[in-house]
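First, the structure itself, so that you have it in front of you.
Every value quoted in this text rests on a predicted model; they were computed, and no experiment measured them.
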2 protein chains.
Amino acid sequence: MKISEARQQFISTWGAMGTHWGINRTMAQVHALLMISPEPLTQDDIMAQLNISRGNVNMNIRDLIDWGLVDRVLIPGERKEYFTAEKDIWKVATQIIKERKKRELDPMMKLMDQLSKVEGDKRDKEVKTFLDTINGIKKFGAHADDMLDVLVKSDENWFLSTALKIFK
Amino acid sequence: MKISEARQQFISTWGAMGTHWGINRTMAQVHALLMISPEPLTQDDIMAQLNISRGNVNMNIRDLIDWGLVDRVLIPGERKEYFTAEKDIWKVATQIIKERKKRELDPMMKLMDQLSKVEGDKRDKEVKTFLDTINGIKKFGAHADDMLDVLVKSDENWFLSTALKIFK
DNA sequence: ACTATTTTTCAGTAATTTTTGAAAATTCTA
DNA sequence: TAGAATTTTCAAAAATTACTGAAAAATAGT
């Protein structure tokens, strides 16, 4: 397989993967393109390579910057803005995990706390089932939180990495 | 907050959460409803409670069964089919992780293996950056795989659960 | 085998999400 | 500070995804 074909394949697959994870196809593709680009790109480069409009590039780049996955780069003497993506996939994953935790896990847990204060008799089956579900989610959330922290930190921790394999 | 209100809130939030994770709103809502329902429900119950059509219920229930999150229940003497969801959130999470790994992580890793065989000179920056990205993803995938196995098994493993907190 | 009940399918429609492109805003240069 | 280059915005259009409802298929009872 030639490099140009492989790059296309990667961009397209990364985009499809995004849609399964609630990320829009184009954003994932822009991210993929920047990850495999040795040099920073301009909006025009991205427009050309992915065949999408200027507005689209602009909006998705902005979102990627909000997610902390892409940075603006200033090239001395150049008028245009350049963009580059973090290449270290560990940092990418860490960043995504942090953001999703902040945006989704934390608010969900806060809601569970509120919902667990529901009024009603616990002998009422409906109330009991509800509370069991909510409390189960709370427990799971706390555990997942610990686990994600470990994942984030286990990159260069040999002991941890080995320990994980043992428990597998 | 009254139980009926709390239930509504939960269903609606679980549905919204689903959309952030590539799961369609209604499927997540059906799942939420079944999780907090003490007794199995029929398609008609679900239609009534969520205000959706028969076809919609049917399709989403089928998908939830494919995901291993919902089971058909036969009630003796009843003509209609009943449905129930796993209530133990740990089992739910485990099941989702297993399925997503099978459906998404595994095929992605297989593709990375292929792409890492791309032809070209590694001194070519484009090739080098591409390979670095692909190989990074491969490493990460393997590690995530270990980690997910641990998560799945750490539910009732006191030592592991404690160990996780230490490394936090 | 016929009939009543229930489930499944799927073409058409509706709702939502994404994209475009041109105008407005901003930024830079001289 | 005029004007050229670039970025940003956003209403309208396109594309995608989800939903409905009625017909077809399946199932169970007599």
### Task
For A:Arg54, answer base if it contacts any base atom (sugar-phosphate contacts may also be present), sugar-phosphate if it contacts only those atoms, and nothing otherwise; contact means non-hydrogen atoms under 4.0 Å.
base
### Query
Taking only side-chain nitrogens and oxygens of B:Asn56, does any of them come within less than 4.0 Å of OP1 or OP2 of D:dT20?
yes
### Task
Report the relative orientation of the aromatic rings in B:Trp90 and A:His143; use parallel for angles under 30°, tilted for 30 to 60°, perpendicular for over 60°.
perpendicular
### Message
Please tell me if A:Arg62 has a side-chain N or O lying less than 4.0 Å from either OP1 or OP2 of D:dT7.
### Response
no
### Query
Within less than 4.0 Å of OP1 or OP2 of C:dT8, is there a side-chain N or O belonging to B:Asn58?
yes
### Message
What's the closest nucleotide to the side chain of B:Arg72 if the choices are C:dT8, C:dT20, D:dT8?
### Response
C:dT8
## Note on the structure
Separation of D:dA18 atom P from B:Asp63 atom CG, nearest Å, is 10 Å
### Message
Just the rounded figure in Å: distance from P of C:dG21 to CD of A:Gln43.
### Response
15 Å
## Note on the structure
Comparing A:Lys80 with A:Thr19, nearest DNA chain D nucleotide closer to 5' gives the residue A:Lys80
### Query
Which of the following nucleotides, C:dT8, C:dT20, C:dT18, is nearest to the side chain of A:Thr26?
C:dT18
### Query
Rounded to the Å, how far apart are A:Asn60 CG and D:dT8 P?
13 Å
### Query
CE of A:Met59 versus P of C:dT20: gap in Å, rounded?
11 Å
### Query
Atom CZ of B:Phe83 to atom C1' of C:dT7: distance rounded to whole Å?
9 Å
### Summary
Between A:Ile3 and the options B:Val118, B:Asp121, B:Leu115, the side-chain contact (heavy atoms from CB on, under 4.5 Å) test singles out B:Val118
### Query
Are B:Ile65 and B:Met27 grouped together when hydrophobic residues (ILVMFWY) are joined by side-chain heavy atoms under 4.5 angstrom apart?
yes
#### Entry: Greater than 12 external heavy atoms within 6.0 Å of A:Lys91's NZ
no
#### Entry: Exam field: side chain B:Thr42 to backbone B:Lys80, donor-acceptor pair closer than 3.5 Å
no
### Query
If you find the nucleotide of DNA chain C closest to B:Gly55 and the one closest to B:Arg25, which residue's nucleotide is nearer the 5' end?
B:Gly55
### Query
B:Asp45 has an atom CG; how far is it from atom C1' of C:dT7, in whole Å?
15 Å
### Message
Tell me whether the side-chain N or O atoms of B:Arg79 pair up with the base of C:dT6 as donor and acceptor below 3.5 Å, since no angle test is needed here.
### Response
no
### Length of the CD1-C1' vector between B:Ile61 and C:dT7, whole Å
12 Å
### Task
Return no unless some side-chain N or O of B:Asn24 is found under 4.0 Å from OP1 or OP2 of D:dC19.
yes
### Task
Measure the distance from CE on B:Met27 to P on D:dT17 and round it to the nearest whole Å.
14 Å
## Note on the structure
Quick note, A:Ser53 side chain, CB onward, closest among C:dT7, D:dC19, C:dT20 is C:dT20
